[in-house]
Amino acid sequence: MWRLVIARAFPAFILSFISLATVVQAQTPFERGRYLVEGVVACGNCHTQQGPAGPVEGMALAGGLDVSGPWGKVISPNITPDPETGIGTWSADEIKRAIRDGLRPDGSLIGPPMPFHFYRSIADEDLDAIVTYLQSVPAIRNETPAPEFAMPLPASYGPPVVSVAKVSRDDLVAYGEYLAGPLGHCMECHSSLDANGMPDPENGLGGGGIPFEGPWGISYAANLTPTGLSGYSDTEIKTIIRTGVRPDGSHLLPPMGVYYYNSVSEEDMNAIVAYLRSLPPK
Ligand code: HEC
Ligand code: HEC
């Protein structure tokens, strides 16, 4: 059974007032899936078009966002249940295989930048919840163009994932690692690049520096290791992630998922911060 500190319906501005009054409530798989997808997992940060004011209304998860990069010219696909332009004809097991193994029902491989390196470690229970929620969102008709990859795709992302055990919340740092890795893929964007220009969580974990170009100009993923965050208190880090605004008033640029992290519970935020504070300084 999952426990939640704060129902996501509470507006952000009152989060800080109620965070001490721990409201523990059980979540159904649907609620857990909605909490994850609309929060820390943020599938929409790639699968929903964005305007100057954030995700385009009425187009949630319908694809069409330009997520091009060194890997090629890529427009995200529609993952709503529309049977023709989305994934409405895929079974729950087929959607799970797409998320963890990167395989479509026809056996073809899904390309970057979908973060399979991390999604392979999403726990079974959370994957079930994510898919339950995905299958419940409104079907939206939106045709998206096929990607043009600049490099050959690998043969696979590894052997098929059979089962992933749930990560216990009792160990704050370990649970934070699960949130910032498999679920939130924070570390996909925030790890330094290797010699081939690909994110390198192994050697560059949390080191930052990846450049992202878009209509906003260019942004560089921040160093999230203790060196990078030394100037901020824990509360400040949580506020930056939730609101996208630093203590000096500056706003975080895309593709930092600022439109999604507002609803992350206090308990989960504490785990993320504990994990970031535990990283080897870079
Ligand atoms: C960093 C960006 C990114 C994130 C985050 C992301 N995706 Fe994707 N996803 C993509 C791209 C790009 C493709 C298409 C790649 C291709 O065409 O080969 C894709 C493809 C898919 C497909 C296959 C669709 C099809 O018609 O072939 C599914 C299903 C999917 N994503 C689900 C999800 C879910 C569920 C999440 C959240 C748990 C998610 N994605 C998070 C970028 C992302
Ligand atoms: C799709 C890429 C991407 C993902 C995913 C992402 N970030 Fe970021 N993040 C960025 C970029 C780019 C910046 C820098 C924005 C700027 O400088 O305006 C940033 C900035 C930040 C900052 C500000 C640091 C500072 O020194 O001001 C924090 C904290 C942060 N991210 C934490 C997180 C956490 C925690 C997660 C996961 C829940 C996450 N990020 C997920 C790209 C990403």
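Counting starts at 1 for both ligands and their atoms, in listed order. One-based numbering along the sequence shown.
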*Report the nearest protein non-hydrogen atom to atom 12 (C) of ligand 2: residue, atom name, distance rounded to 0.1 Å.*
Ser219 OG, 3.5 Å

*Taking atom CE of Met256 and atom NE2 of His190, what is their separation to the nearest 0.5 Å?*
5.0 Å

*Distance to 0.1 Å, residue and atom name: give those for the protein heavy atom nearest to atom 18 (O) of ligand 1.*
Gly111 N, 2.7 Å

*Which protein heavy atom lies closest to atom 27 (O) of ligand 1, and at what distance to 0.1 Å?*
Arg104 NE, 2.5 Å

*Using a strict 4.0 Å cut-off to heavy atoms of Leu253, name the atoms of ligand 2 that fall inside it.*
15 (C), 16 (C), 18 (O)

_Any salt bridge linking Lys238 with Asp268? Criterion: basic side-chain nitrogen under 4.0 Å from a carboxylate oxygen._
no

*Considering only heavy atoms of Tyr220, which atoms of ligand 2 have at least one such atom less than 4.0 Å away?*
12 (C), 13 (C), 14 (C)

*Using a heavy-atom cut-off of under 4.0 Å, does the side chain or the backbone of Ala146 touch ligand 1, or both, or neither?*
neither

*Main-chain N/O of Gly208 paired with Ser192 side-chain donor or acceptor, under 3.5 Å*: yes

*Check whether more than 12 heavy atoms from other residues, nucleotides or ligands sit under 6.0 Å from atom CZ of Phe149, and answer yes or no.*
yes

*Taking 4.0 angstrom as the limit, do Lys166 and Asp124 come out as a salt bridge?*
no

*Could you list the atoms of ligand 2 found under 4.0 angstrom from a heavy atom of His185?*
5 (C)

*Distance filter under 4.0 Å to Phe149 heavy atoms, resulting ligand 1 atoms*: 16 (C), 18 (O)

*Nearest heavy atom to atom 16 (C) of ligand 2: which of Arg242, Met269, His251, Arg246 does it belong to?*
Arg246

_Subset of ligand 1 atoms that lie under 4.0 Å from at least one heavy atom of Leu134_ = 35 (C)

*Examine ligand 1 and decide if any of its atoms is less than 4.0 Å from a heavy atom belonging to Val41.*
yes

*Is there a donor-acceptor pair under 3.5 Å between the side chain of Tyr133 and the backbone N or O of Tyr35?*
no

*Under the side-chain contact (heavy atoms from CB on, under 4.5 Å) rule, what do Tyr178 and Ile122 come out as? Steps first, then yes or no, please.*
CA-CA 8 Å; Tyr178 176 60; Ile122 296 179; 4.1 Å; yes

_So if I count the atoms of ligand 1 from 1 in the order they appear, which ones are less than 4.0 Å from some heavy atom of Val67?_
12 (C)

*Among the protein atoms near atom 8 (Fe) of ligand 1, how many are N, O or S and lie under 2.8 Å away?*
2

*asked:* If we only look closer than 2.8 Å, how many protein N, O or S atoms does atom 8 (Fe) of ligand 2 have near it?
replied: 2

*So which residues get pulled into Trp216's cluster when ILVMFWY side chains under 4.5 Å apart are joined, directly or through others?*
Leu193, Ile210, Phe212, Leu253

*Indicate yes or no: does Arg32 engage Glu125 in a salt bridge with an N to O separation below 4.0 Å.*
no

*For Val74, take its heavy atoms, then give the atoms of ligand 1 lying under 4.0 Å from any of them.*
12 (C)

*More than 12 foreign heavy atoms under 6.0 Å from CD of Glu236: is that the case here?*
yes

*Any donor-acceptor N/O pair, Ser250 side chain to Arg246 backbone, under 3.5 Å*: no

*Are the charged groups of Asp234 and Arg277 less than 4.0 angstrom apart, N to O?*
yes

_To check you understand the geometry: which heavy-atom pair defines the closest contact between Ser263 and Gly39, and what is its length?_
OG-CA, 3.6 Å

*Does the Asn45 side chain pair with the main chain of Pro255, one donor and one acceptor, at a distance under 3.5 Å?*
yes

*Quick one: does Tyr232 get an N or O within less than 3.5 Å of an N or O on ligand 2?*
yes

*Taking Thr48 for its side chain and Pro55 for its backbone only, find out whether a donor-acceptor pair lies under 3.5 Å.*
no

*Under 4.5 Å side-chain linkage, directly or through intermediates, the cluster mates of Val161*: Val164

*Sub-3.5 Å donor-acceptor pair from the side chain of His47 to the main-chain atoms of Pro77, do we have one?*
yes

*Which protein non-hydrogen atom lies closest to atom 41 (C) of ligand 1, naming both residue and atom, and how far is it?*
Tyr119 OH, 3.3 Å

